[in-house]
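Written below as structure tokens is the structure these notes are about.
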Amino acid sequence: MRVLYLYAHPLPESFHAAIRDAAREGLREAGHEVDLCDLYAEGFNPVLSAEERRGYHDVPANRAPVEAHVERLERAEALVLSFPTWCFGLPAILKGWMDRVLLPGVSFVIEDGVARPNLQHIRKVAGISTYGRPRWTALFMGDPPRKAVTRYFRVITGGAARVEYHALYDMNRADAARRAAFLARVRGRMARF
């Protein structure tokens with residue numbers, strides 16, 4: 001499959017870089033073609049401008065500011081979102097990508113005032129994240145990043161995509177053995193993606 005890998009971490013020396021590398025190795029082992037979209041390295045602007053918001057429902061002109069990202073999404077058959085969880089949410093750059101790229105006419109169409117899914121070509125979605133705190137705190141907060149991946153992408157693919165989520169909780173106290181085990185788990189899951 002053609003996999004669009006959305007990567008959202010600003011530091012090249014971060015543990016997330018190791019996660020990205022392990023995931024991509026697994027995907028390549030499975031024979032997938034991986035399009036790495038490193039949002040920070042590519043300088044993606046996450047801010048939805050006033051002009052973009054005014055033209056939000058103007059299909060297909062709404063695509064113009066992010067056309068290259070829309071084309072990458074339309075070529076993809078699968079998505080991997082790789083990101084740290086900050087303040088119990090998605091990093092602003094990834095949320096901004098979703099706000100600016102998952103547009104009417106792209107991720108959904110509006111017919112008679114009802115939004116209908118438009119990403120049925122996406123067959124698989126995976127979220128890979130780390131959390132600084134234990135799992136119970138994420139559950140207490142409702143775990144918005146997990147829901148954004150596992151619920152929202154299921155909706156905009158019309159239920160067509162198999163969705164999975166891999167998280168390393170309590171990262172602030174994760175020792176080398178726990179981090180290595182997580183990398184191995186991610187690589188193994190992506191090799192079977």
Side-chain angles (χ1 to χ4, degrees), residues 1-46 66 68-102 119 122-133 135 138 143-150 152-153 161-193:
M1 289 186 298
R2 288 182 306 278
V3 179
L4 177 58
Y5 194 105
L6 295 168
Y7 178 67
H9 199 289
L11 302 177
E13 72 276 10
S14 73
F15 180 63
H16 264 273
I19 293 171
R20 176 203 59 213
D21 294 346
R24 289 174 66 207
E25 287 170 17
L27 290 166
R28 281 194 294 269
E29 286 171 17
H32 301 305
E33 174 189 326
V34 181
D35 174 8
L36 174 62
C37 180
D38 183 334
L39 294 170
Y40 283 97
E42 293 182 21
F44 181 79
N45 179 2
V66 289
H69 285 273
V70 169
E71 289 173 357
R72 290 166 85 173
L73 177 60
E74 289 179 337
R75 281 193 302 267
E77 298 168 283
L79 295 173
V80 175
L81 296 86
S82 180
F83 59 92
T85 296
W86 290 333
C87 300
F88 296 103
L90 300 171
I93 201 164
L94 180 57
K95 177 63 169 77
W97 185 91
M98 292 170 70
D99 291 344
R100 294 187 67 213
V101 177
L102 301 180
L119 290 178
I122 301 294
R123 299 186 327 218
K124 295 183 180 179
V125 177
I128 306 170
S129 190
T130 58
Y131 295 67
R133 298 182 184 212
R135 175 92 196 266
D143 206 348
R146 181 181 289 267
K147 288 178 182 173
V149 173
T150 62
Y152 186 62
F153 282 94
R162 189 182 90 223
V163 181
E164 54 190 66
Y165 193 79
H166 310 284
L168 176 60
Y169 292 93
D170 211 6
M171 178 67 194
N172 294 338
R173 295 186 290 181
D175 61 15
R178 229 174 116 227
R179 289 192 306 270
F182 185 71
L183 292 175
R185 186 175 114 208
V186 165
R187 182 176 180 164
R189 276 304 303 139
M190 293 299 100
R192 295 184 303 277
F193 191 61

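Heavy-atom basis, side chains included; hydrogens, waters and symmetry copies ignored.
- Without hydrogens or angle criteria, E164 side chain to A126 main chain gives no donor-acceptor distance under 3.5 Å.
- Y131 contributes atom OH, which lies 10.5 Å from atom CG of L168 (distance to the nearest 0.5 angstrom).
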Y152 vs V125, side-chain contact (heavy atoms from CB on, under 4.5 Å): CA-CA, chis, key distance, verdict: CA-CA 11 Å; Y152 186 62; V125 177; over 6 Å; no

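- For K95, the salt bridge (charged side-chain N to carboxylate O under 4.0 Å, His left out) partners are D99, not counting sequence neighbours.
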Side-chain donor/acceptor pairs under 3.5 Å, residues 178-185, sequence neighbours excluded:
{"unit_1": "R178", "atom_1": "NH2", "unit_2": "Y169", "atom_2": "O", "d": "2.4"}
{"unit_1": "R179", "atom_1": "NH1", "unit_2": "A174", "atom_2": "O", "d": "2.4"}

For residues 18-31, tabulate all N or O donor-acceptor pairs below 3.5 Å that involve a side-chain atom, not counting sequence neighbours.
{"unit_1": "E25", "atom_1": "OE1", "unit_2": "R187", "atom_2": "NH1", "d": "2.7"}
{"unit_1": "E29", "atom_1": "OE2", "unit_2": "R187", "atom_2": "NE", "d": "2.7"}
{"unit_1": "E29", "atom_1": "OE2", "unit_2": "R187", "atom_2": "NH2", "d": "2.2"}

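- In this structure, E33 places its CD atom where only 12 or fewer heavy-atom neighbours from other residues, nucleotides or ligands lie under 6.0 Å away.
- From H69, atom NE2 reaches atom CH2 of W97 across 8.5 Å, with rounding to the nearest 0.5 Å.
- For R72, the salt bridge (charged side-chain N to carboxylate O under 4.0 Å, His left out) partners at least two apart in sequence or on another chain are D35, E42.
- Nearest heavy-atom pair across H166 and R189 is CE1-CG, 3.4 Å.
- Checked against salt bridge (charged side-chain N to carboxylate O under 4.0 Å, His left out), R192 has no partners two or more places apart in sequence or in another chain.
- Note that the NZ atom of K124 and the CE atom of M1 stand 4.5 Å from one another [nearest 0.5 Å].
- Within 6.0 Å of CZ on R146 lie more than 12 heavy atoms contributed by other residues, nucleotides or ligands.
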Evaluation steps, side-chain contact (heavy atoms from CB on, under 4.5 Å), between I122 and L4: CA-CA 10 Å; I122 301 294; L4 177 58; over 6 Å; no

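- Proximity of a side-chain donor or acceptor of Y7 to a complementary backbone N or O of Y40 within less than 3.5 Å is not detected.
- Side-chain atoms of D143 never come within 3.5 Å of backbone atoms of A138 as a donor-acceptor pair (strictly under, hydrogens ignored).
- Between R135 atom CZ and D170 atom CG the span is 12.5 Å, to the nearest 0.5 Å.
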Could you tabulate the donor-acceptor pairs under 3.5 Å formed by side-chain atoms of residues 78-91, not counting sequence neighbours?
{"unit_1": "S82", "atom_1": "OG", "unit_2": "Y5", "atom_2": "OH", "d": "3.2"}
{"unit_1": "T85", "atom_1": "OG1", "unit_2": "S129", "atom_2": "OG", "d": "2.8"}
{"unit_1": "T85", "atom_1": "OG1", "unit_2": "T130", "atom_2": "O", "d": "3.4"}

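- Taking both residues in full, the closest heavy atoms of L73 and V101 are given as CD2-CG1, 4.1 Å, listed atom of the first, atom of the second, then distance.
- Aromatic ring orientation, H16 versus H9: parallel (interplanar angle below 30°, classes split at 30° and 60°).
- Minimum interatomic distance between L102 and L119 (heavy atoms only, all atoms of both residues): CD2-CD1, 4.3 Å.
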